[in-house]
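Data block below; observations after.
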Amino acid sequence: MIGCSAHADQTPLRKLLTADEAKTWQAVGRIDLKDAGFCTGALITPNLVLTAAHCMFHPETNVKLRPEDMEFKAGLRSGRAGALRKARRIVIHKDYRPGRDVKLDYVASDIALIELELPITANAIKAFTHKGKVAVGDEVKVVSYAQDRAEVPSIEEPCKVMGRDVRALVLTCNVDYGASGSPIFVEDNGELKIASVVSAKAVVKGQKVALGASLGEPLEQLLTQLRSNRGVFQGKRPNGKSISEQLGNVQQTAKTLRP
């Protein structure tokens with residue numbers, strides 16, 4: 001049964017200042033974008049970084065950025081990265097359309113992969129599993145870099161899932177600029193798995209929320225696109241109640257998070 005929590009509490013962000021605190025999250029890193037700020041991403045294989053599609057476009061001109069203009073700094077903390085890699089190739093979900101207007105139908109396609117020039121071996125940093133599943137009411141964690149905390153990763157836990165369908169998740173997480181592409185984690189039998197990626201922020205009934213792409217089929221489509229260098233199929237339309245029906249009305253003042 002689909003439902004939501006209308007008045008979930010928001011937990012302040014906590015910076016991961018020490019090596020022990022940050023160790024678990026080494027595969028999360030900052031994606032530096034030449035002349036276009038930065039986003040957050042996470043390793044899902046030794047040579048693939050999962051992030052938001054809108055990070056691959058200049059925030060003012062909507063011009064697609066080049067791989068040579070990107071650098072992934074895994075586990076960046078206080079100026080030092082656990083691994084630093086240049087981008088070889090970027091793959092953007094074919095259904096994504098750049099722009100500042102956010103529509104729930106498009107949130108699912110706001111995902112992209114960055115293929116690294118050289119892999120980051122598991123001996124150095126272990127990639128995260130990207131098949132986490134969540135339900136309404138589940139607690140999740142978000143690890144991100146953002147404005148005013150660009151040099152140190154921060155964690156927000158717990159956030160809660162307020163609503164979901166195959167297009168998007170609505171979460172109580174309070175995200176900010178630079179947090180685009182941040183992995184949203186769920187714990188499954190003691191293992192951290194990526195369940196979603198931060199796409200945008202919005203306001204629901206006066207409460208700040210984050211919108212996250214529901215990975216599932218859209219990510220499988222993106223991986224197929226990467227392997228074949230061809231287009232991907234249109235994702236299935238959601239069944240059951242829409243997120244808008246679950247939450248009332250997601251206000252149209254939502255803005256895509258930009259670095």
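Because only heavy atoms are used, hydrogens play no part in the values below, and waters and symmetry mates are left out as well, while side chains stay in.
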Q | Side-chain (Gln225) to main-chain (Ile92) donor-acceptor, under 3.5 angstrom | A | yes
Q.
If only side-chain N and O atoms count, and only distance matters, is there a donor-acceptor pair under 3.5 Å linking Thr129 with Glu191?
A. yes
Q) Distance-only, no hydrogens or angles: does the Arg85 side chain make a donor-acceptor pair with backbone N or O of Pro119 under 3.5 Å? A) yes
(Q) Tell me whether Leu226 shares a hydrophobic cluster with Ile44, the cluster being built from Ile, Leu, Val, Met, Phe, Trp, Tyr side chains joined at under 4.5 Å. (A) yes
Q. Pick from Val197, Val28, Thr51: which one makes a side-chain contact (heavy atoms from CB on, under 4.5 Å) with Pro183?
A. Val28
(Q) Before you tell me yes or no, could you show the steps for Lys34 and Glu68 under side-chain contact (heavy atoms from CB on, under 4.5 Å), namely the whole-Å CA-CA distance, both residues' side-chain angles and the distance that decides it to 0.1 Å? (A) CA-CA 9 Å; Lys34 185 179 180 181; Glu68 54 265 37; over 6 Å; no
(Q) Which residue in the set Arg149, Glu156, Arg30 passes side chain to side chain donor-acceptor pair (under 3.5 Å) when paired with Ser144? (A) Arg149
Q) Between NZ of Lys193 and NE2 of His130, what distance do you get to the nearest 0.5 Å? A) 11.0 Å
Q.
Using 0.5 Å steps for rounding, measure from the SG atom of Cys159 to the CD1 atom of Ile184.
A. 8.0 Å
Q | Nearest non-hydrogen partners of Ala27 and Phe128, listed with the distance | A | CB-CE1, 3.4 Å
Q. Any donor-acceptor pair under 3.5 Å linking the side chain of Tyr145 with the backbone of Leu76?
A. yes
Q) Any ion pair linking Glu71 and Lys86 (charged N to carboxylate O, less than 4.0 Å)? A) yes
**Q.** Asp20 with Lys23: basic N within carboxylate O range, under 4.0 Å
**A.** no
Q. Where do Val152 and Ser78 come nearest, in terms of heavy atoms and distance?
A. CG2-OG, 3.9 Å
**Q.** Heavy-atom side-chain proximity of Val140 to Leu171 below 4.5 angstrom
**A.** yes
**Q.** Point-to-point distance, once rounded to the nearest 0.5 Å, from CG of Leu222 to CG of Leu113
**A.** 4.0 Å
(Q) Quick check: do Lys133 and Leu215 have side-chain heavy atoms less than 4.5 Å from each other? (A) no
Q | Evaluation steps, side-chain contact (heavy atoms from CB on, under 4.5 Å), between Thr172 and Lys208 | A | CA-CA 7 Å; Thr172 62; Lys208 293 180 180 179; over 6 Å; no
Q | Heavy-atom donor-acceptor pair, Asp110 side chain to Ala53 backbone, under 3.5 Å | A | yes
Q: Would you name the heavy atoms of Ala36 and Pro59 that are closest together and state the gap between them?
A: CB-CD, 3.9 Å
Q) Any side-chain heavy-atom pair from Leu50 and Leu219 closer than 4.5 angstrom? A) yes
**Q.** Cluster overlap Leu65 with Leu116, hydrophobic side-chain contacts below 4.5 Å
**A.** yes
Q. Do Val170 and Arg164 pass the side-chain contact (heavy atoms from CB on, under 4.5 Å) test, and can you show the C-alpha distance, the side-chain angles, and the key distance before you say yes or no?
A. CA-CA 6 Å; Val170 178; Arg164 70 175 296 276; over 6 Å; no
Q. Does the side chain of Lys201 reach to within under 4.5 Å of the side chain of Val209, using non-hydrogen atoms?
A. no
(Q) Can you tell me how far apart NZ (Lys160) and CG (Leu169) are? Round to the nearest 0.5 Å. (A) 15.5 Å
Q | Nearest-0.5 Å distance that lies between atom CG in Asn62 and atom CZ in Phe57 | A | 7.5 Å
Q | Set of ring pair (Phe, Tyr, Trp, His ring centres under 6.0 Å) partners for Phe72, sequence neighbours left out | A | none
Q: Would you indicate whether the side-chain heavy atoms of Pro46 and Ile120 approach each other to under 4.5 Å?
A: no
Q | Flag side-chain contact, heavy atom, 4.5 Å: Leu16 against Ile155 | A | yes
Q. Do NZ/NE/NH1/NH2 and the carboxylate oxygens of Lys73 and Asp32 come within less than 4.0 Å?
A. yes
Q) When you measure from the side chain of Arg89 to the backbone N and O of Ile114, does any donor-acceptor pair fall under 3.5 Å? A) no
Q.
Any heavy-atom pair between the side chains of Phe185 and Val143 that's under 4.5 Å?
A. yes
Q | Gln26/Lys126 under side-chain contact (heavy atoms from CB on, under 4.5 Å): CA gap, chis, key distance, verdict | A | CA-CA 8 Å; Gln26 284 284 294; Lys126 185 179 178 181; over 6 Å; no
Q) When rounded to the nearest 0.5 angstrom, what is the spacing between CG in Leu33 and OG in Ser180? A) 10.0 Å
Q. How close do Val175 and Ala200 get, heavy atom to heavy atom, and via which atoms?
A. CG2-O, 4.5 Å
**Q.** Shortest non-hydrogen separation from Ala135 to Val161 and the atoms involved
**A.** O-CB, 3.5 Å
Q: In sequence, state the C-alpha distance, the side-chain angles, and the governing distance for Asn123 and Thr121, and then conclude on side-chain hydrogen bond (donor to acceptor under 3.5 Å, both in side chains).
A: CA-CA 5 Å; Asn123 289 335; Thr121 65; 4.9 Å; no
(Q) Taking the side chain as everything from C-beta on, heavy atoms only, tell me whether His93 gets closer than 4.5 Å to Pro218. (A) yes
